[in-house]
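Notes follow the structure.
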Amino acid sequence: MKTLGIIVGILFWSNFVMAGDQKTFTADCLEAGSVVCYDKTLNPNVPAATGTYIPPRPEISFCLREKGDFDNFGQPDVAKSPAKLDFQRKDGQDGSRVKLGLIMVGSAFNDTWQPFGSLAWNRDASWNVASRTEIRDAKVGVTGTAYQTDDLEWSLHSTVTYRYREDRYGTKDGNAFGLHASIVKLAWVNAKPFIFVPYFGLLLDEQNGGSVTDGKWESAYFGATLTIPLNNWIKGLSISGNYETFQDDSAPNGQPKRSASVASTSLQYSFTDPDDNEVKWRPSISFIRKTGEDVRSGGTRENMSVLSFGLLH
């Protein structure tokens, strides 16, 4: 069923830090997008100009976004995936959805690897009580550059994670270990004329929700993100898309293996000049079309159109 939601994007991108008010390079990935991210992670040893003040790195920083996922930290995320609160009404019945993730980023070590933790809340309290879902995740991990060529043209950004999941309405409780990798080609992430990042991953999920689905699920997935800035036509306008396919390699207790895919396309407009670094607040509006099933986040099958308002600081 097609659903049209009006979503208010609640986005607090101000980082609260324990030492100073500067951000780590991985926080820059989250806030400024992939261009800043790759400029710093692919060129970590470029010396600062003589006399340049280098502020101390914070011990830890925080941010809110749609998911608690950190394994795609280098993906081009023009819309910044703000936290979402969605109100719906159908046939006289009210419904709501919440997608909220709190990400905590620690100081980098070896100038490359960075630890993180996250909490995520994915709740769908729709008008149909029987179809309600609520999944809560807690995750810890480390992310960084596993490999790069001498000329920095190619690199492999990888993430190792442990996740604990609580399913309030279903049977997906359990623990999972994941390995994610993004394939980065420098020429594909310079935003001229596009940003393209393919990725893949492995997931070992041991469920213990008290049903026949309990046991070990071994899975793999791959996908890609694409962003096309349209500044040549309208300043601040861009279009982006993501596609991911998921496949189980093994399933417990004779359960059928899952095979699903999810795709999304969004058109976003920023009311401020993206190149103006003096702007403190950046309001934006985006239209997102999403279809399919996101198995990794525990979501159900969707066929959804969303009008989203965001505010970045």
Side-chain angles (χ1 to χ4, degrees), residues 25-26 28-30 32-44 65-81 103 112-114 116 139 141-161 163 176-204 218-230 238-249 258-268 288-297 299 302:
F25 68 80
T26 309
D28 282 332
C29 296
L30 294 172
S34 63
V35 177
V36 172
C37 168
Y38 290 127
D39 179 61
K40 293 189 176 184
T41 56
L42 294 180
N43 299 277
R65 63 182 308 173
E66 179 185 3
K67 298 181 180 180
D69 287 349
F70 203 76
D71 47 17
N72 290 349
F73 80 93
Q75 75 177 26
D77 187 2
V78 177
K80 306 300 187 296
S81 294
I103 298 178
T112 302
W113 294 94
Q114 199 154 24
F116 69 91
K139 183 184 294 185
V142 61
T143 185
T145 303
Y147 169 79
Q148 65 182 19
T149 58
D150 292 338
D151 59 3
L152 306 180
E153 182 64 22
W154 290 91
S155 66
L156 187 68
H157 289 258
S158 61
T159 304
V160 180
T161 58
R163 185 205 70 206
F177 291 91
L179 174 63
H180 178 94
S182 295
I183 303 171
V184 180
K185 179 176 172 59
L186 198 58
W188 294 349
V189 296
N190 61 4
K192 296 177 181 180
F194 61 83
I195 305 170
F196 177 70
V197 181
Y199 62 86
F200 63 92
L202 303 174
L203 184 66
L204 174 59
E218 297 178 353
S219 315
Y221 61 89
F222 65 89
T225 59
L226 174 67
T227 298
I228 304 176
L230 302 176
S238 63
I239 186 171
S240 61
N242 181 84
Y243 176 81
E244 180 176 311
T245 182
F246 183 98
Q247 178 69 53
D248 284 329
D249 181 64
R258 297 167 298 181
S259 179
S261 61
V262 60
S264 63
T265 303
S266 67
L267 182 67
Q268 190 202 13
I288 303 172
R289 175 66 180 158
K290 185 175 182 179
T291 59
E293 181 179 2
D294 187 353
V295 178
R296 288 199 292 140
S297 66
E302 293 181 312

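Since the model is a prediction, treat every value here as computed from it, not as a measurement.
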Salt bridge present between R258 and E293 (N-O < 4.0 angstrom)
no
Heavy-atom closest pair (Q148 atom, S155 atom, distance to 0.1 Å) is CB-CB, 3.6 Å
So F116 and T161, side chain to side chain contact (heavy atoms under 4.5 Å, CB included) or not? Walk me through it.
CA-CA 9 Å; F116 69 91; T161 58; 3.5 Å; yes
A263 versus Y243, closest heavy-atom pair with distance:
CB-CD1, 3.9 Å
Pair T159-T143, side-chain donor/acceptor within less than 3.5 Å:
yes
Nearest heavy-atom approach of R163 to R296 is NH1-O, 3.9 Å
How many angstroms lie between atom CD of Q268 and atom CD1 of I239, to the nearest 0.5 angstrom?
11.5 Å
Donor-acceptor contact below 3.5 Å, side chain N242 vs main chain S264:
no
Do side-chain atoms of T227 reach the backbone of I195 as a donor and acceptor pair under 3.5 angstrom?
no
Within this structure, what is the OG-CZ distance for the pair S261 and F246, rounded to the nearest 0.5 Å?
12.0 Å
Taking C-beta and beyond as the side chain, do Q247 and D249 meet within less than 4.5 Å on heavy atoms?
no
What is the minimum heavy-atom distance between G178 and L203, and which atoms define it?
CA-CD1, 4.2 Å
Residues V295 and A260: closest non-hydrogen pair is CG2-CB, 3.7 Å
For L156 and T145: C-alpha separation, side-chain torsions, deciding distance, then whether side chain to side chain contact (heavy atoms under 4.5 Å, CB included) applies.
CA-CA 6 Å; L156 187 68; T145 303; over 6 Å; no
Heavy-atom pair of closest approach, residues S238 and P229:
CB-CA, 4.0 Å
Working note: K185 + F196, criterion side chain to side chain contact (heavy atoms under 4.5 Å, CB included); need CA distance, chi angles, decisive distance, verdict.
CA-CA 8 Å; K185 179 176 172 59; F196 177 70; over 6 Å; no
Looking at Y199, F222, F200, which one forms a side-chain contact (heavy atoms from CB on, under 4.5 Å) with I183?
F200
